[in-house]
Amino acid sequence: MVTDRQRQGEGGGQKARCGGRPTTIKSLATFVPPRILTNADLEKMVDTTDEWILQRTGIRERHIVEPGVATSDLGTAAALQAIANAGLTPDDIGVIVVGTVTPDMMFPSTACLIQHKIGAHHAWGFDLSAACSAFTYALTTASQFVATGAHEHALVVGADVMSSIIDYQDRATCVIFGDGAGAVVVSAATDPHDGRIIDFEHEIDGAGASALFMPAGGSLRPPSHETVDKRMHYVKQEGQAVFKFAVRKTEEIARRILERNGLQPSDLSLFVSHQANRRIILAAAEKLGLDESRFIINIERFGNTTAATIPLALNDAVTGGRLKKGDLVLLASVGAGFTAGAVLLRWGL
Ligand code: UT7
């Protein structure tokens, strides 16, 4: 028997983690709210400049919801399109996994709300909390249900309304985040020409919890006048600590999954990293020896949309002709927790 420790250990030659029948991403769709918040808009709200934001983060603009629009609304739009793109109907979906840190409310789950809104009458589902790694974790989780044969089609949604938990008086965080959603349908790979979810590698490190978190609103510090007065219902981040961890861990987890599969970074057609900061992606890509033809950065137009960055980047890669059927793709994410994830796949669309 191969233990988890052996799989993660040095030496290579370990087995890929994906068992059961092969699975694939059968479709992809994204949705962002139409309203745009530009760097010029932010200059009027906090002490910042377009130049600083662009240089330090690579972001020009981000999409922001109108009041009353929630994560389930963005997720529903992406989900309906993904299901249609797969040539399916909502009734074909067996399980829904929603990655988000901005659920519509503490409960019921956003998965329940999306299930009802799309009319997926045969689906069960749940939310998954992994911050910026939510899409890679949700993809892996959903894929297991298809691999075991428990379900034929699983819906994965990565959606966040970050503007609902961002302090627009804090220049260190408000310039970074945006709102958006992405969805994929995961199905059994029945044809050799189908794509393939090949392997995954995930880890968490709770020692990083205080580097990126929302202090109040949970069971530890329920909402009170004091928590509101102290602005504790907003994202707090030690930017530099997270930045350094993200660069190091992105490279480390990418190398680990590639080595386990006997691959080099140069074997990748495309490296699709979580989009938190242009400089993080450039640094990680440089450490991996990837030139710019092998990774995608689209943070300029969306900012950091947390659970939605990877599907948004995949979508831009497809529409820009950067991602084709048969390509070997590595998804990688690092986020609050800390969480880190990588999914290796053969693109099949
Ligand atoms: O997706 C989840 C994971 N999150 C991340 O991966 C984010 C990781 N961190 C980052 O992307 C970067 O650390 C930030 C973009 C958050 C900050 O960039 P930085 O280059 O690390 O800046 P810093 O925090 O070291 O701050 C440098 C200076 C400070 O001023 P002083 O103390 O040198 O006078 C900040 O107050 O930049 C100042 N600053 C700003 N200035 C203008 C911070 N935010 C701003 C701003 N406009 N918006």
Side-chain angles (χ1 to χ4, degrees), residues 37-62 99-102 129-138 158-163 165-180 182 202-214 234-254 272-285 287 297-300 302-313 331-342:
L37 185 70
T38 64
N39 290 353
D41 295 330
L42 284 162
E43 283 177 350
K44 295 179 202 132
M45 296 160 69
V46 288
D47 179 16
T48 192
T49 60
D50 172 51
E51 189 191 7
W52 191 96
I53 301 170
L54 203 52
Q55 259 182 18
R56 306 308 294 167
T57 71
I59 303 166
R60 282 183 196 278
E61 59 187 35
R62 63 293 286 144
T100 187
V101 283
T102 52
S129 174
C132 296
S133 293
F135 186 78
T136 55
Y137 283 26
D160 271 301
V161 174
M162 294 306 292
S163 60
I165 56 168
I166 291 302
D167 184 351
Y168 285 96
Q169 293 181 16
D170 175 10
R171 68 176 182 174
T173 51
C174 75
V175 301
I176 305 171
F177 292 95
D179 304 338
H202 300 308
E203 66 176 70
I204 57 174
D205 180 1
S210 61
L212 181 50
F213 72 127
M214 191 172 99
Y234 295 124
V235 170
K236 310 287 177 194
Q237 175 171 247
E238 286 173 37
Q240 285 199 11
V242 179
F243 188 104
K244 286 176 193 155
F245 183 83
V247 172
R248 177 168 64 78
K249 191 55 73 176
T250 302
E251 182 201 7
E252 189 187 309
I253 205 158
V272 182
S273 169
H274 167 56
Q275 311 275 313
N277 186 317
R278 180 183 176 81
R279 291 183 295 132
I280 293 176
I281 304 169
L282 289 175
K287 283 171 175 284
I297 299 181
N298 71 344
I299 196 171
E300 190 174 319
F302 300 113
N304 179 351
T305 54
T306 303
T309 64
I310 289 178
L312 283 167
L331 314 180
S333 60
V334 174
F338 291 124
T339 57

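Whatever order the structure lists them in is the order used to number ligands and atoms, beginning at 1. Residue numbers start at 1 and run along the sequence shown.
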Checklist entry - Of all the non-hydrogen atoms in the protein, which one sits nearest to atom 17 (C) of ligand 1, and at what distance? => result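 Looking only at protein heavy atoms, the one closest to atom 17 (C) of ligand 1 is Trp52 CH2, 4.0 Å.
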Next on the checklist: What I'd like to find out is whether the side chain of Glu51 reaches to under 4.5 Å of the side chain of Gln55, using heavy atoms alone.
Outcome noted: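 Side chain of Glu51 against side chain of Gln55, heavy atoms only: contact under 4.5 Å found.
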Item to check | Side chain to side chain, Phe243 and Ile280, heavy atoms closer than 4.5 Å | outcome: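 A side-chain contact under 4.5 Å exists here.
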Is a side-chain donor or acceptor of [X] paired with a backbone partner of [Y] at a separation under 3.5 angstrom?
X	Y	result
Asp50	Ala40	no
Gln275	Ser273	yes
Asn298	Leu312	yes
Asp179	Ser163	yes

Considering the heavy atoms of [X], write down every atom of ligand 1 situated less than 4.0 Å from one of them.
X	result
Ile176	16 (C)
Ala276	1 (O), 5 (C), 6 (O)
Leu212	2 (C), 3 (C)
Asn304	1 (O), 2 (C)
Asn277	10 (C), 11 (O), 12 (C), 15 (C)
Thr48	42 (C), 46 (C), 47 (N), 48 (N)
Thr57	15 (C)
Ile280	6 (O), 8 (C)

As a test of the contact definition, would [atom] count as having a protein heavy-atom neighbour under 4.0 Å?
atom	answer
atom 48 (N) of ligand 1	yes
atom 27 (C) of ligand 1	no
atom 31 (P) of ligand 1	no

Checklist entry - Is a side-chain donor-acceptor pair under 3.5 Å present for Asn277 with Thr57? => result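 There is no such pair (donor and acceptor under 3.5 Å, judged by atom type) between the side chains of Thr57 and Asn277.
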Quick test of your reading of the structure: of [options], whose heavy atom lies closest to [atom]?
atom	options	result
atom 2 (C) of ligand 1	Cys132, Gly337, Ala172	Cys132
atom 21 (O) of ligand 1	Gln237, Gln240, Glu51	Gln240
atom 35 (C) of ligand 1	His274, Arg171, Arg278	Arg171

Next on the checklist: What I want to know is whether Gly239 and ligand 1 share at least one N or O pair that is separated by under 3.5 angstrom.
Outcome noted: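 Checking ligand 1 against Gly239, an N or O pair does fall under 3.5 Å apart.
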Next on the checklist: Counting only nitrogen or oxygen atoms and a 3.5 angstrom limit, does Arg56 reach ligand 1?
Outcome noted: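 For ligand 1, there is an N or O atom that lies under 3.5 Å from one belonging to Arg56.
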Item to check | Proximity of Phe243 to ligand 1 by residue part, where a heavy atom lies under 4.0 Å | outcome: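 Looking at Phe243 and ligand 1, atoms from backbone and side chain both fall under 4.0 Å.
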Item to check | Plane angle bin for His202 and Tyr137 - parallel if under 30°, tilted between 30 and 60°, otherwise perpendicular | outcome: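 Tyr137 vs His202 ring planes: tilted.
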Next on the checklist: Applying side-chain contact (heavy atoms from CB on, under 4.5 Å) to Asn39 and Val175, what does each step give before you reach the verdict?
Outcome noted: CA-CA 7 Å; Asn39 290 353; Val175 301; 5.9 Å; no
Checklist entry - Can you tell me how far the CD atom of Glu43 sits from the OG1 atom of Thr49, to the nearest 0.5 Å? => result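 Going from the CD atom of Glu43 to the OG1 atom of Thr49 covers 6.0 Å.
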Next on the checklist: Between Thr305 and Met162, is the side-chain contact (heavy atoms from CB on, under 4.5 Å) condition met? List the steps.
Outcome noted: CA-CA 7 Å; Thr305 54; Met162 294 306 292; 5.8 Å; no
Item to check | Any Ile53 heavy atom less than 4.0 Å from ligand 1 | outcome: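 No, Ile53 has no heavy atom closer than 4.0 Å to ligand 1.
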Checklist entry - Checking side-chain contact (heavy atoms from CB on, under 4.5 Å) for the pair Phe177/Thr306: CA distance, chi angles, key distance, verdict? => result CA-CA 8 Å; Phe177 292 95; Thr306 303; 3.9 Å; yes
